[in-house]
Amino acid sequence: MPYIPKNKFISPDPAKREKQLANLIQNRMKRLRRPAINPINFDDPEYETDIIKFVEEQFYIPETRSPIILEDWQKEEIFEPLFYGDRAYTMALLGETKKSGKSTLAALIAEWFLFCGENYSEIYLAARDKDQASWIVFSKLVKAIEMNHHALIRCKITKDAIEVPSKRSILRCLPTDISCAGLNPNLVIFDELWSYEYESMQRFFEEMTTVPTRKNPLALIVTYAGYDDESLLYQLFKKGMELKKNPDPTFFFYWEGENKVPINRMPWQSEKYLKQQEGRLRKNTYLRLHENKWVSNITQFIDIDKFDQCVNEKLTPILPNKKIKIWVGVDASVSGDSTAVVAITRRENKVILANYKKWQPTKENPIDLEETVEKYLLELSQAFNLQLVYYDPYQLHRSAVTLKKKGLFMKELPQTVGNTIDFSQNLYDLIQFGNIEFYPSPEVRRHIKACQAKEMERGYRIVKGNKSSKIDIAIAGAMACLGAVKSFNQEQEEESQTIINAGPGGIFVVDHNESGEKFDWLHRIPIDEEKNK
């Protein structure tokens, strides 16, 4: 199909053209959200040089449905030095604590560049990936525009871009995994630069720096502190801290908690809120998010006092009972590390340690998996209602094949980063909120205490503190707990779901009675499947 220019769709007839324009406006205005305060004239010429005036009159906050009111310290310490005068800065690093309005600040700066910047502007929200926080910035900007009919009527909004046709300007979300060759940005916003941990991301950052052909270009970084003192963000932070010794008139540096800049100054960052966060988060996580401090991403997995609160002195290892459901995790090592099998059961809404066994192989005496792990799993299967065994196929593939033939439900759970985060975070939550009980065991306590946690973007991942640490019971237990919790969630979903069938036998609700037989609960009769085929 040949290419058809856009102007071919515009009628040369004035009456038809006016109707087309009316339809265009009507379609755009479908997104309009009713504000509490109607916006004033959008064409004030002062907006081009006065960002504070623009945002306080035109940038709407969804929660209040009114224009934003900037804090005095934001105006004096950020906006005035950055956007007034000769505007010499081409890069700005703003380090602020969690819930300090970083994403909103980035969104309103982007809107000013889009509507008040030069024609043919290119604005990019650099995202780590398509699920990353820069899409939060985009979402905030879209919501602000939807409450301002003056802004909404001037732009075209798609799922990842905002275009202002009259200025030939565009704003896009740009993941780090695509090529940025040929771009000519006025503004690039990097949200949460601490997460740029790969070499490809650093190259993306370097390629997205502003160009000299633009008037007043800016690379804006909004973030809180990270971990690695060799990371891209830390190098920029270090540069900012050394500006007095090595001045750079093009680099703007603002970091809460440093250079006498206070932290947590927003009205909602109350003492009550911070106390609550301090009680819920690990110490290093709290320091990083709410005090903007650089910390190690390796920290204690769980406060051992929290674990001790989950120990029930009245509990003992559970005796064989085929009515009791158990979920099992296996962390195996042929030589060197210990091998552990942990069985977990459930009682009401709590996860309970049912039993465990550990073996310690050596290089001289490697473990015989058939006589240890396989034998013990078969014993558990005979003694209890064994639901599933989670295992890492790296060491247990042969054993798993053998046990599957004997009727055990073996399920692979490779210890990839993603899977490790899943079972680590699940165990952390169970202990942190008291939804698990352990019978007294100094050995289990030692293994839990030896666990360190590495904070990843998706959550916490259990790691060893040192090579000699023994954490195998914790790993196997975490795998088993994940199985128990997933099974509980699935059961809850199944209980809440009904299937409506309409067939020759009439309309009935399909469920299962206690014997497993399909049952029509609407008419209180068993279902004859042959009759209803």
Would you name the heavy atoms of I326 and A343 that are closest together and state the gap between them? CD1-CB, 4.3 Å
Take T285 and Y460 through the test side-chain hydrogen bond (donor to acceptor under 3.5 Å, both in side chains) and record every step on the way to the result. CA-CA 11 Å; T285 304; Y460 299 108; 2.9 Å; yes
[X] [atom1]: over 12 foreign heavy atoms closer than 6.0 Å:
X	atom1	result
F433	CZ	yes
R172	CZ	no
E271	CD	no

Could you work out, with ring pair (Phe, Tyr, Trp, His ring centres under 6.0 Å) as the rule, every residue matching Y376, not counting sequence neighbours? none
Quick one: list whatever passes ring pair (Phe, Tyr, Trp, His ring centres under 6.0 Å) with F384, sequence neighbours left out. none
Residue from E291, K102, Q269, R265 passing side-chain hydrogen bond (donor to acceptor under 3.5 Å, both in side chains) with T97: Q269
Test item: R288 and Y224 side chains (from C-beta on) under 4.5 Å apart, heavy atoms: yes
Is there a side-chain contact between T104 and F59 (heavy atoms, below 4.5 Å)? yes
Under 3.5 Å, is there a donor-acceptor pair linking the side chains of [X] and [Y]?
X	Y	answer
S399	Y391	no
Q309	D305	no
Q415	D331	yes

Only counting residues at least two apart or in another chain, list the ones meeting salt bridge (charged side-chain N to carboxylate O under 4.0 Å, His left out) with K239. D248
Answer with yes or no after comparing the ring centroid distance for F237 and W255 against a 6.0 Å cut-off, counting only values under it. yes
So that I can tick it off, tell me whether R398 and E374 are bridged by a salt bridge, with the cut-off set at under 4.0 angstrom between side-chain N and carboxylate O. yes
Distance check, rounded to the nearest 0.5 Å: L93 atom CG versus L233 atom CG? 6.0 Å
